[in-house]
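Heads up, the thing below is written out as structure tokens.
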Number of protein chains: 2
Amino acid sequence: MAEDRVTQAVAVARELLEADGPDAVSMRAIADRMGMRAPSLYKHVPDKATLEVHLIAAALAELGQALRTDRGDLTSLAGAYRAWATAHPHLYTLATAQPLPRDRLPEGLEDEAAAPLLAACGGDQDRARAAWAGAHGLVSLELADRFPPDADLDAAWGAFVAAFSG
Amino acid sequence: MAEDRVTQAVAVARELLEADGPDAVSMRAIADRMGMRAPSLYKHVPDKATLEVHLIAAALAELGQALRTDRGDLTSLAGAYRAWATAHPHLYTLATAQPLPRDRLPEGLEDEAAAPLLAACGGDQDRARAAWAGAHGLVSLELADRFPPDADLDAAWGAFVAAFSG
DNA sequence: GGAGTGTAGCTAACACTGTTAGCCGAGGCA
DNA sequence: TGCCTCGGCTAACAGTGTTAGCTACACTCC
């Protein structure tokens with residue numbers, strides 16, 4: 001019951017975030033959509049940071065799931081990573097831009113999300129981390145419009161995959 | 001003269017940012033350190049976003065300069081990139097986390113910053129962008145504490161350089 | 001030298017943010 | 001019936017960026 005209201009708050013926060021970006025996610029906006037005033041929200045949720053932790057957890061879980069659904073080679077993993085991130089740009093950014101609140105996240109979530117890529121790298125942690133960084137870098141630079149407007153991002157992803165396949 | 005005050009404001013903003021992080025950079029804090037009240041700051045600077053554009057421009061220029069000072073091979077470029085970013089974590093994050101305000105940045109700044117890496121990749125744009133993404137990904141994940149606490153980041157950087165050297 | 005004008009400071013205020021304190025009515029329970 | 005907790009409310013606080021409007025000083029021009 002009480003649980004219900006916090007999951008509802010998380011869902012509303014996610015809608016606002018995905019639709020209109022991080023600035024649209026205010027406690028007042030969330031409360032409005034739940035039919036109450038902002039201070040009442042604090043009867044269910046301790047603070048905004050907690051909502052964000054839930055969003056981060058959801059993002060990591062979904063991204064991990066997206067990486068688990070395909071063939072498992074680096075090419076398809078890269079495609080799945082990019083596809084999920086660009087489908088949820090604000091959520092992806094929220095989930096990766098700040099330090100991980102590890103102590104407030106479900107146990108093992110981080111490892112689960114990382115597992116597919118680690119497997120594709122034959123268990124080589126260092127290589128997996130470098131590959132993850134490459135994918136994250138490409139995605140976050142793309143989401144932040146950092147590449148020149150005429151840049152061929154497909155080709156850049158191709159070069160990335162090629163580098164890690166050789 | 002008027003120019004003086006805006007460069008001073010930028011310098012103060014940078015000090016605050018580098019010392020105490022983005023939350024410490026408020027118009028009131030900047031104005032305080034300049035011996036005036038916040039509204040007076042608007043006699044010299046149109047808004048906070050303008051100050052941030054100046055900070056981004058400075059960051060790109062310095063990072064580009066840092067990449068130009070060494071041997072020019074991928075290994076040393078990677079080292080220089082990581083060194084500059086970790087020496088200026090908040091500034092690096094500010095300069096890379098948001099969409100580039102290209103129309104408000106000095107002409108050619110972006111290309112200049114990218115030139116050394118492009119050269120190291122033998123002029124292959126796609127490869128250079130993938131390599132840039134790799135470096136940026138490693139840096140931003142490191143700055144955001146995303147790697148497990150026991151991760152060997154030197155080894156991850158090594159794997160990254162190895163992938164792009166092969 | 002007096003008048004006018006632009007510069008650069010000020011205070012007060014607005015709209016917004018997250019958040020806390022304190023009140024109050026409805027429902028469950030002894 | 002009395003109590004007590006739950007979940008809503010309003011008012012408020014401290015902070016943010018920012019605007020409006022006032023004022024005092026300095027410089028220029030006649």
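Predicted, not measured: the structure shown is a model, and the values here were computed from it. Note on naming: letters A, B, ... go to the chains in the order of the sequence lines (proteins, then strands), and numbering restarts at 1 for each one.
- Distance A:Leu41 CG to C:dT20 P: 12 Å, rounded to the nearest Å.
- Taking CH2 of A:Trp84 as the start and CD of A:Gln65 as the end, the distance is 12.0 Å to the nearest 0.5 Å.
- Within residues 27-34 of chain A, the residues approached by DNA chain C to less than 4.0 Å at the level of any non-hydrogen atom are A:Met27, A:Arg28, in residue-number order.
- Of the side-chain N and O atoms in B:His44, none sit less than 4.0 angstrom from OP1 or OP2 of C:dT7.
- Taking a 6.0 Å sphere around CZ of B:Arg71, one finds it holds 12 or fewer heavy atoms contributed by other residues, nucleotides or ligands.
- Rounded to whole Å, atom P of D:dG17 lies 6 Å from atom OH of B:Tyr42.
- The residue among A:Asp23 and B:Pro39 whose nearest nucleotide of DNA chain C lies closer to the 5′ end is B:Pro39.
- Within the nucleic acid shown, A:Val45 has no heavy atom closer than 4.0 Å to any nucleic acid atom.
- Across all strands shown, B:Lys48 has heavy atoms under 4.0 Å from sugar-phosphate atoms exclusively, and none from any base.
- Residue contacts for B:Ser40: at a heavy-atom cut-off of 4.0 Å it reaches a base atom on one of the strands shown.
- Here the nucleotide nearest the side chain of B:Lys43, chosen from D:dT18, C:dA8, D:dG7, is C:dA8.
- A ring-centre distance under 6.0 Å is not found for B:Trp157 and B:Tyr81.
- Closest non-hydrogen pair, B:Arg68 versus B:Ala113, comes out as NH2-N, 4.3 Å.
- The side chain of A:Asp47 has C:dT19 as its nearest neighbour among C:dT19, D:dT18, C:dC10.
- Among the nucleotides D:dG17, D:dC9, C:dT19, the one closest to any side-chain atom of B:Ser26 is D:dG17.
- Heavy-atom minimum distance, A:Ala128 versus A:Cys121: CA-SG, 3.6 Å.
- In this structure, A:Arg37 atom CZ and D:dA12 atom C1' are separated by 15 Å, rounded to whole Å.
- Put simply, CD on A:Gln8 is 13 Å from P on D:dG7, counting in whole angstrom units.
- Here the closest non-hydrogen pair linking B:Asp124 and B:Arg127 is OD1-N, 3.1 Å.
- Contact detail for A:Leu117 and A:Leu77: the closest heavy-atom pair is CA-CD1, 3.9 Å.
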